[in-house]
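To keep things clear, I will list the structure first and then write my remarks on it.
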Amino acid sequence: MGDGVVGERRQLINVAYRLLGSLAEAEDAVQEAYARWYALPPSRRDEIASPGAWLTTVTGRVCLDVLGSARARRERYVGAWLPDPLPGRAGRPHGTSGDPADQLVLDESVTMAFLVVLETMTPAERVAFVLHDVFRYPFAEVAGVLDRTPAACKQLAASARRRVRTGAPAPAGGQAETVRRVKEAWEAKDIAALVDLLDPAAVMTADGGGLAGAALRPVEGGPHIARYMAGIAEKAPGLELLERPVNGTPGLVARRAGTVLTVAAFDLAADGRVARIWVIRNPEKLRVWAGDGAPSPR
């Protein structure tokens, strides 16, 4: 049974990251669930028919507690708080399979756009929605996590669903082409080209966490964002821009002297122009990107 329990870790990390938006917090939540499992007397463990379901319930409850306290912590955070960006498989250094980022399945439920919407939900809505709509857990099991009736959990998931945008995401090919053009215009400091690529009502949100320079408030409007981006390019000689998947969709990474300083994720409007840019500069959130672009040892 021990090995089977260890085998649940990947699923638990996937659940916890979607619930919390933070790799470090997700890993801590899963570790706590395992600690509680191993603290049970062996006779109690033998009575549990589905250790995986037990671990999921405990991980969900730990995440619920973390979400409750996160709200206060994020109010004290310097500037905007954004979820941790995830690199694609190709960007990862080799030999890091123990890393929680390597356990994550990159699908539409981890795109930055989706995670940012999850941030607008109450903790209970988020838990009900992620467990039921994303991971297909029945409401009877969700009820055990939230300590509410299945009917109440169903209502929570329904209200969470209303917060999720109904618009279909832009096809990856279209997004890759737009991101490539943004990169080229940014490198050329071509404000007019950037304005053309940005939705007039576009919003750029940056997360520096007080540890790296970043706009403390969202930059709104295509022309303002274009001028802001050109200004950054002007002030940052030697910055290398790379096209990289961010949370499973085409994004950009800025490096200097081999160190990743910035990761940018994008969301497109219906007409294919950029509607949202999320810029993560907090170095604590970029640790998993440390090996990006490094030559493969093989």
[X] [atom1] to [Y] [atom2] distance, which is reported to the nearest 0.5 Å:
X	Y	atom1	atom2	result
L241	R255	CG	CZ	10.5 Å
S22	L115	OG	CG	11.0 Å
T59	L131	OG1	CG	10.0 Å
Q31	I13	CD	CD1	7.5 Å
L198	H224	CG	NE2	12.5 Å
L23	L86	CG	CG	5.5 Å

[X] [atom1]: over 12 foreign heavy atoms closer than 6.0 Å:
X	atom1	answer
R181	CZ	no
K154	NZ	no
D196	CG	yes

Please confirm whether the backbone N or O of [Y] pairs with a side-chain atom of [X], one donor and one acceptor, at under 3.5 Å?
X	Y	value
R126	L19	yes
Y77	D207	no
Y17	D84	yes
N14	V105	yes
W37	L55	no
K285	G209	no
Q175	F266	yes
R163	T120	yes
R61	G144	yes
R281	G213	yes

V182 vs L194, test: side-chain contact (heavy atoms from CB on, under 4.5 Å). Steps then yes/no.
CA-CA 6 Å; V182 168; L194 284 169; 4.2 Å; yes
Side-chain contact, heavy-atom cut-off 4.5 Å: [X] with [Y]?
X	Y	answer
P83	M112	yes
D267	V116	no
L252	W186	yes
R9	E27	yes
L20	L67	yes
L118	F129	yes
F135	V142	no
V5	Y34	yes

Show the nearest heavy-atom pair for residues [X] and [Y], with the distance to one decimal.
X	Y	result
A29	C63	CB-SG, 3.9 Å
P283	A212	CD-CB, 4.2 Å
R148	A124	NH2-CB, 3.6 Å
V179	G251	CG1-O, 3.7 Å
P200	R273	CD-NH2, 3.6 Å
T178	G272	OG1-O, 3.4 Å

Co-membership, hydrophobic cluster, residues [X] and [Y], 4.5 Å side-chain:
X	Y	value
W81	V117	no
Y137	V145	yes
L239	M204	no
I191	I277	no
L261	L216	no

Could you walk me through whether T56 and E141 pass the side-chain contact (heavy atoms from CB on, under 4.5 Å) check?
CA-CA 9 Å; T56 301; E141 284 184 37; 5.9 Å; no
Please lay out, stage by stage, how W54 and R45 fare under the test side-chain contact (heavy atoms from CB on, under 4.5 Å).
CA-CA 10 Å; W54 188 94; R45 273 186 258 159; over 6 Å; no
Evaluation steps, side-chain contact (heavy atoms from CB on, under 4.5 Å), between R73 and V66:
CA-CA 10 Å; R73 282 205 315 281; V66 173; 4.3 Å; yes
Checking side chain to side chain contact (heavy atoms under 4.5 Å, CB included) against L286, which of T262, I280, V253 comes through?
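Result: among T262, I280, V253, I280 is the only option passing the side chain to side chain contact (heavy atoms under 4.5 Å, CB included) with L286.
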State plainly whether the residues D107 and R18 are in salt-bridge range, i.e. N to O under 4.0 Å.
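Salt bridge flag = yes for R18 with D107.
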Pair R180 + E184: basic N to acidic O under 4.0 Å:
no
Is the ring pair F139/H132 parallel, tilted or perpendicular, if the boundaries are 30 and 60 degrees?
parallel
